[in-house]
Amino acid sequence: MNQQHTYAVAATDLDYTPDRAFNEELGRRSTTNPAEHSARLVYLVNNNPLLAKDTSLQLASYGYRVVTLDSMAHLAEHLPVVPVNPVLIDICGHNIDELTLLEIARIRTLCQNRLPVLMLLSHAHMELRLKAAHAGIDACFIKPLDIHALVDYLDKLNPVQEQAAYRLLVIGNDPHRSAAYADAFHAAGMDVTLLLKPLDMFSALGESRPELVVMDVETPGCGGVELTSLIRQSKTFVDLPIVLLNSQASQQAWRDAIRCGADDLFPRSMPHGELIKAVSVRIERYRSLQALIMRDGLTGLYNHAALQEQAERELTRSKRRGDPLTLAMIDLDCFKQINDTYGHPVGDQVLRAAARLLQRRLRNVDVVGRYGGEEFAVLLPATDADAAARVLDEIRMAFQVIRHKTDDTEFCATFSVGLAQFGKGSGCANAADLFIAADHALYRAKHGGRNRVEIASGDA
Ligand SMILES: Nc1nc2c(ncn2[C@@H]2O[C@H](COP(=O)(O)OP(=O)(O)OP(=O)(O)O)[C@@H](O)[C@H]2O)c(=O)[nH]1
């Protein structure tokens, strides 16, 4: 039996090449799941082709695919194949007439009221909104359309990220028993790595990045208690939940386990279902704490410290695999002027829009963080600088057409990008080099006129 067996391949380990990276259709994250594709489809009923095109373009920036229909009658024709995708109704001129209302009510009934209907209104009169609510319209947006508010709403209907499977490391020295635990966790949908050689524990911890360790080791001198003590001595794993399994969960054994830093000790006789529940609760709590520690409050992206940690991790991975790794530093252009002109809250809105776009457009394996202030950083594993430049340039072009709304006007913003690649001949030997090189390239992009992507030269 393998000493280390991965039960479920982590998303980061999926076959992934630079070619595939840039061939992936932009406007979606790395997924081959057709359900997610259809989930991000929006039907727009609009009889003005120019306005329809504009709304489609804005929504496409956030990865929504828009199918435009020029009338409610055409929408009805699509219904057999469109049971639950949101419909945005923007019938120019009419605002909301009785016929439209009747048609909406009819269509909703046909879809067993599961069809989210959103409407664009030219004004916010209470009477109009009441009519809309009465027809079962889920949300009204007042023109001019605040694209961020609409995307917020759509995102709630289709969460961007599904909850990732819990990552678990099972360490045991009895192959049959440990495999049985691993099978049970795997069957519960967890991403399980089974390690049968406890002495390889640290490499398995670094490799599989578990969110909880289950240890079933009862070897004198190298049992769960001693191994837990070793894990706790490492700063990196000081908060990692550890659950021990033992033949006899006596008070004394439990006290020893807690004293050495374990979170709990359960008897082997504990039914698998209960163990799975106990493990899940601890991982959820761990995730909440990690989110507080690692995420930036404004954008929800990795914060500076977490980004540095991820950079080290990705670099190690890239060295081991011989894959390229590219870092992109992204800085909003003339952001001081945006703050000065429209105010800090509007500046924050622009930052959130950039963060959301990066998250939307990049793959799940890419690490997106807020480096600080108006600067973001993205790590693109298994991607060379040229491929990364193509992807970032697409995102740059999508960002420059997003309209940011203030109380009385709208404006567009841009960003500049500096890229550096780690790997053979790039001149970058470590994470610090990579950040410096990307920063130099960003400086060139700024001085070359902004709103552009520059790649670091090899001698960075
Ligand atoms: N709204 C908002 N502004 C921020 C935040 N963090 C930093 N800033 C502002 O970002 C601005 C950055 O300005 P500069 O460093 O002069 O750069 P710039 O105006 O973007 O100019 P270039 O980078 O040369 O294009 C400063 O005015 C900061 O106050 C934030 O969290 N929210």
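Counting convention: from 1, in listed order, for ligands and their atoms alike. As the structure is a prediction and not an experimental result, all values here were calculated from the model.
- Cation-pi contact between R295 and Y302: present, with separation from the ring centre below 6.0 Å and deviation from the ring axis of at most 45°.
- Counting protein heavy atoms only, atom 19 (O) of ligand 1 is closest to K336 N, 2.9 Å.
- With no hydrogens or angles considered, no side-chain donor-acceptor pair links D331 and S416 at under 3.5 Å.
- In terms of protein heavy-atom proximity, atom 22 (P) of ligand 1 is nearest to K446 NZ, 3.4 Å.
- For F376 and F415, the ring centers are positioned 6.0 Å apart or more.
- Between the side chains of E454 and Y443, no donor-acceptor pair is found at a separation under 3.5 Å.
- Of the candidates R352, E374, R370, it is R370 that places a heavy atom closest to atom 31 (O) of ligand 1.
- Taking the side chain as every heavy atom from C-beta outward, L121 and K131 never approach each other to under 4.5 Å.
- Applying the 4.0 Å criterion to heavy atoms of L351 picks out, from ligand 1, the atoms 30 (C), 31 (O), 32 (N).
- For ligand 1, the polar-atom distance check against L298 finds no nitrogen or oxygen pair separated by under 3.5 Å.
- Contact atoms of ligand 1 toward R450: 22 (P), 24 (O), 25 (O) (distance under 4.0 Å to a heavy atom of the residue).
- At a 3.5 angstrom cut-off on N or O pairs, L332 counts as close to ligand 1.
- Within ligand 1, the atoms closer than 4.0 Å to a non-hydrogen atom of D331 are 23 (O), numbered from 1 in the order shown.
- Nearest to atom 9 (C) of ligand 1 by heavy atom, out of D348, N339, T414, is N339.
- Near G347, meaning under 4.0 Å from any of its heavy atoms, are these atoms of ligand 1: 1 (N).
- For atom 7 (C) of ligand 1, the nearest protein heavy atom (residue, atom name, distance) is G373 CA, 3.5 Å.
- Nearest protein heavy-atom contact of atom 20 (O) of ligand 1 is F335 N, 2.7 Å.
- Residue-environment remark: CD (E284) exceeds the threshold of 12 foreign heavy atoms within 6.0 Å.
- Using cut-offs of 30° and 60° for the angle between ring planes, the F399 and H404 rings count as tilted.
- The two residues A420 and A438 have their closest heavy-atom pair at CB-N, 3.5 Å.
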